[in-house]
Amino acid sequence: MKKCLALASLLAVLAAGCGTGGGGDTGSNTLRFVGPEDPKTFQPVIDGFQAKNPGVKVAYTQVPFDQLNATLQQRLAAKDDTIDVYTVDQPRVAALATRGFLADLSDWKDRVKQAALPAQYDVNEHNGKLWSVPIWTSDQFLFYNKTLLKKAGVTPPSSDPAKRWTWEQTIEAGKKAQAEGGAQWAFVPEQIEQYYQLQSLAESLGGGSGITGQDMLTPALTTDGWVKAMTWYHSLFDGKLAPRGVGSFQTSPLFTEGKAAFFAGGPWDVGGFAAAKDLDWGVAPYPYFAGGKQVTPTGSWSWGINPASQNQQLARKFLEYAALDPEGNLLTTKATTIIPSNRAAFEKYVPTLDALAGDKSKGVGAIMTYDAEHTAVARPRSVGYIQFEDVMTKAFADIRNGADPASRLQQATQEVTTAWAQLR
């Protein structure tokens with residue numbers, strides 16, 4: 001999920017969105033597909049689909065990640081029929097479905113349940129209906145710098161999920177690597193201010209997702225678990241164990257340049273780190289708090305159909321190939337190191353990722369398999385998730401930069417309550 005593309009590309013996308021329509025099916029042989037990824041990412045699955053459907057063309061348009069949601073909402077609200085299929089950030093499914101921006105796929109419920117990995121079905125459902133299909137999932141790992149740990153006399157963590165380290169062990173080892181191994185930073189999370197990565201901290205301590213209630217529109221950010229988790233998070237930066245002033249998805253160079261003892265990142269980093277030939281690294285399961293629950297982040301992108309599309313049947317056929325056909329789902333991962341959500345595709349993919357960096361990445365497959373079955377917790381499903389995520393990103397940034405965790409969580413609670421008032 002790279003944040004790139006010039007503004008000119010966005011303007012071109014907006015200019016293309018002038019057509020409107022009311023559903024139906026014109027039988028066009030060109031399918032319009034919109035997402036944030038580099039075109040090279042989806043070319044294999046597009047080629048595979050076109051090969052199976054002679055005469056059909058899939059026209060893909062890339063929109064920058066940080067502009068995707070605003071662009072889609074503007075065009076979908078205008079019933080723009082120049083989008084047939086689009087990528088959907090999974091926790092936003094409820095909000096998009098409520099606004100009428102996704103076509104109902106409920107007749108596929110049983111098929112998707114059978115095909116998808118655990119935790120990859122529910123995120124696509126809202127009010128008993130299925131609105132999108134899962135394409136990718138994700139996991140988080142604890143990467144470590146073997147050189148820095150060896151200099152500090154620290155035995156690296158095991159890749160065995162049964163021997164998963166706690167956060168307390170991780171930070172203790174990271175501090176020793178700073179003091180005796182030459183590490184600048186003890187521990188660096190990749191998504192340093194993002195709810196996706198930080199949710200698991202509160203969940204491990206029993207704090208929940210931060211959203212509760214029958215309608216999932218009641219904030220629950222001042223629980224003991226949340227306060228303890230954010231106090232720990234605050235201490236990372238206050239104690240100079242982790243850096244300030246570096247944004248999410250900009251932290252991996254700190255690891256590849258040998259400055260961090262430990263790094264929390266996803267499967268996409270396995271490919272990136274494999275290219276860092278001078279870096280001696282290993283991988284272990286994502287930590288949890290001592291006495292707490294083992295929780296790992298998960299979730300990624302699903303695909304949905306624009307209800308205003310005039311090409312509904314071809315759109316469904318494309319989704320069927322990309323999500324339910326193991327061959328098609330595997331092709332969505334051919335050009336990037338991301339985890340396919342289809343069970344059969346996942347089983348074929350695991351050995352590939354496990355061997356990507358030789359001995360350095362050995363164990364990744366076993367970690368992914370275990371986490372998918374036992375520890376994966378998705379982001380909450382709420383029609384207010386978009387507003388919630390915006391508030392939390394700002395709160396995490398403030399806590400990271402010195403704000404009192406308990407007070408800032410109380411402020412976030414008030415901000416979320418205000419933002420959700422219009423949704424009740």
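Both backbone and side-chain heavy atoms feed into the values below; hydrogens, waters and symmetry mates do not. The model shown is predicted, which means the values in this text are computed figures rather than measured ones.
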- Query: Does the side chain of Arg32 come within less than 4.5 Å of Val85's, by heavy atoms?
  - Reply: no
- Under the side chain to side chain contact (heavy atoms under 4.5 Å, CB included) criterion, do Ile171 and Phe262 qualify, and how do the steps go? CA-CA 9 Å; Ile171 296 306; Phe262 294 98; over 6 Å; no
- Query: With no hydrogens and no angle check, is any side-chain donor or acceptor of Gln62 less than 3.5 Å from a backbone partner on Pro36?
  - Reply: yes
- Could you verify whether a donor N or O on one side chain and an acceptor N or O on the other, from Gln120 and Gln90, lie under 3.5 Å apart? yes
- Message: Which heavy atom of Arg164 sits nearest to which heavy atom of Pro285, and what is that distance?
- Response: NH1-CB, 3.5 Å
- If you measure from CH2 on Trp226 to OG on Ser209, what distance do you get to the nearest 0.5 Å? 8.0 Å
- Assign the ring pair Phe237 / Tyr233 to parallel, tilted or perpendicular, where the plane angle (0 to 90°) is split at 30° and 60°. perpendicular
- Which atom of Gly271 lies closest to which atom of Leu356, heavy atoms considered: CA-CD2, 3.5 Å
- If you round to the nearest 0.5 Å, how far is CD1 of Ile339 from CG of Leu353? 7.0 Å
- Go through the steps to decide whether Asp224 and Leu205 satisfy the test side chain to side chain contact (heavy atoms under 4.5 Å, CB included), and finish with yes or no. CA-CA 8 Å; Asp224 287 344; Leu205 289 169; over 6 Å; no
- Taking every non-hydrogen atom, the tightest pair across Val283 and Ser159: O-CB, 3.6 Å
- Checking ring pair (Phe, Tyr, Trp, His ring centres under 6.0 Å) against Phe42, which of Phe49, Phe318, Trp301, Trp136 comes through? Trp136
- Message: To the closest 0.5 Å, what do you measure between CG (Asp404) and CD (Gln411)?
- Response: 11.0 Å
- Nearest-0.5 Å distance, OG of residue Ser341 to CG of residue Leu324: 9.0 Å
- Lys150 versus Asn145: any side-chain heavy-atom pair under 4.5 Å? no
- Would Phe101 and Tyr86 satisfy ring pair (Phe, Tyr, Trp, His ring centres under 6.0 Å), going step by step from the backbone distance to the final call? CA-CA 10 Å; Phe101 293 165; Tyr86 64 95; 8.3 Å; no
- Message: Working note: Lys348 + Glu327, criterion salt bridge (Lys or Arg N to Asp or Glu O under 4.0 Å); need CA distance, chi angles, decisive distance, verdict.
- Response: CA-CA 10 Å; Lys348 291 183 178 180; Glu327 174 191 299; over 6 Å; no
- Query: Taking Tyr60 for the side chain and Gln43 for the main chain, is one N or O donor matched with an acceptor at less than 3.5 Å?
  - Reply: no
- Query: Looking at side-chain heavy atoms only, is the closest gap between Pro91 and Tyr195 below 4.5 Å?
  - Reply: no
- Message: Under a 3.5 Å cutoff, is there a donor and acceptor pairing between the side chains of Thr212 and Thr218?
- Response: no
- Message: Between Leu68 and Thr87, is there a side-chain heavy-atom distance shorter than 4.5 Å?
- Response: yes
- Message: If you count every heavy atom of other residues, nucleotides or ligands that lies below 6.0 Å from Lys146 atom NZ, does the total exceed 12?
- Response: yes
- Using a 4.5 Å cut-off on heavy atoms from C-beta on, say whether the side chain of Leu105 contacts that of Leu319. yes
- So do Ser158 and Trp165 actually touch side chain to side chain, heavy atoms under 4.5 Å? no
- Stepwise side chain to side chain contact (heavy atoms under 4.5 Å, CB included) test for Leu130 and Tyr121: CA-CA 9 Å; Leu130 183 70; Tyr121 175 82; 3.7 Å; yes
- Greater than 12 external heavy atoms within 6.0 Å of Lys360's NZ: yes
- Can you name the residues that form a salt bridge (Lys or Arg N to Asp or Glu O under 4.0 Å) with Arg381, not counting sequence neighbours? none
- Query: Does the Asp390 side chain pair with the main chain of Gln387, one donor and one acceptor, at a distance under 3.5 Å?
  - Reply: no
- Query: Per the ring pair (Phe, Tyr, Trp, His ring centres under 6.0 Å) rule, which among Phe143, Trp167, Phe263 passes with Phe187?
  - Reply: Trp167
- Message: Please check if the number of heavy atoms outside Lys109 that lie under 6.0 Å from its NZ is greater than 12.
- Response: yes
- Task: For the pair Glu203 and Arg379, find out whether any cationic side-chain nitrogen is under 4.0 Å from an anionic carboxylate oxygen.
- Result: no
- Message: Between Ser204 (side chain only) and Gly292 (backbone N and O only), is there a donor and an acceptor less than 3.5 Å apart?
- Response: no
- Note on the structure: Here the pair of heavy atoms bringing Tyr321 nearest to Leu331 is OH-CD1, 3.2 Å
- Compare every heavy atom of Pro267 with every heavy atom of Asp139, then report the nearest pair and how far apart it is. O-CD, 3.3 Å
- To the nearest 0.5 Å, how far apart are CZ in Arg408 and CG in Asn401? 11.0 Å
- Message: Are the side chains of Val93 and Val123 in contact, using a 4.5 Å heavy-atom criterion?
- Response: no
- Is the Phe273 ring parallel, tilted or perpendicular to the Trp281 ring (thresholds 30°, 60°)? perpendicular
- Message: Can a donor-acceptor pair be found, under 3.5 Å and without considering hydrogens, that links the side chain of Gln197 to the backbone of Ser248?
- Response: no
- Message: Closer than 3.5 angstrom, by distance alone: can the side chain of Thr298 be matched with the main-chain N or O of Ser138 as a donor-acceptor pair?
- Response: yes
- Correct closest heavy-atom pair for Thr166 and Pro287 would be C-CB, 3.8 Å
- For Tyr286 and Thr375, run side chain to side chain donor-acceptor pair (under 3.5 Å): C-alpha distance rounded to whole Å, both residues' side-chain angles, the deciding distance at 0.1 Å, then the answer. CA-CA 10 Å; Tyr286 196 71; Thr375 64; over 6 Å; no
- Message: Check whether Asn329 reaches the backbone of Asn342 with its side chain - one donor and one acceptor, N or O, closer than 3.5 Å.
- Response: yes
- Task: Ignoring hydrogens and angles, tell me if any N or O in the side chain of Trp131 forms a donor-acceptor pair with the backbone of His126 under 3.5 Å.
- Result: yes
- Query: In chain order, what residues pass the salt bridge (Lys or Arg N to Asp or Glu O under 4.0 Å) check against Arg92, with sequence neighbours excluded?
  - Reply: Asp89, Glu389
- Task: Evaluate the side-chain proximity of Thr251 to Phe255: yes if any heavy-atom separation is below 4.5 Å, no if none is.
- Result: no
- Task: Answer yes or no: is there a donor N or O on one side and an acceptor on the other, between the side chain of Ser309 and the main chain of Asp81, under 3.5 Å?
- Result: no
- Message: Quick check for you: to the nearest 0.5 Å, what is the distance between Thr332 atom OG1 and Glu37 atom CD?
- Response: 10.0 Å
- Query: Between the side chain of Asp269 and the main-chain N/O of Ser252, is any donor-acceptor distance below 3.5 Å?
  - Reply: no
- Item | Working for side chain to side chain contact (heavy atoms under 4.5 Å, CB included), residues Ser382 and Leu217 | CA-CA 7 Å; Ser382 170; Leu217 284 174; 3.7 Å; yes
- Heavy atoms of other groups near Glu180 CD, more than 12 under 6.0 Å: yes
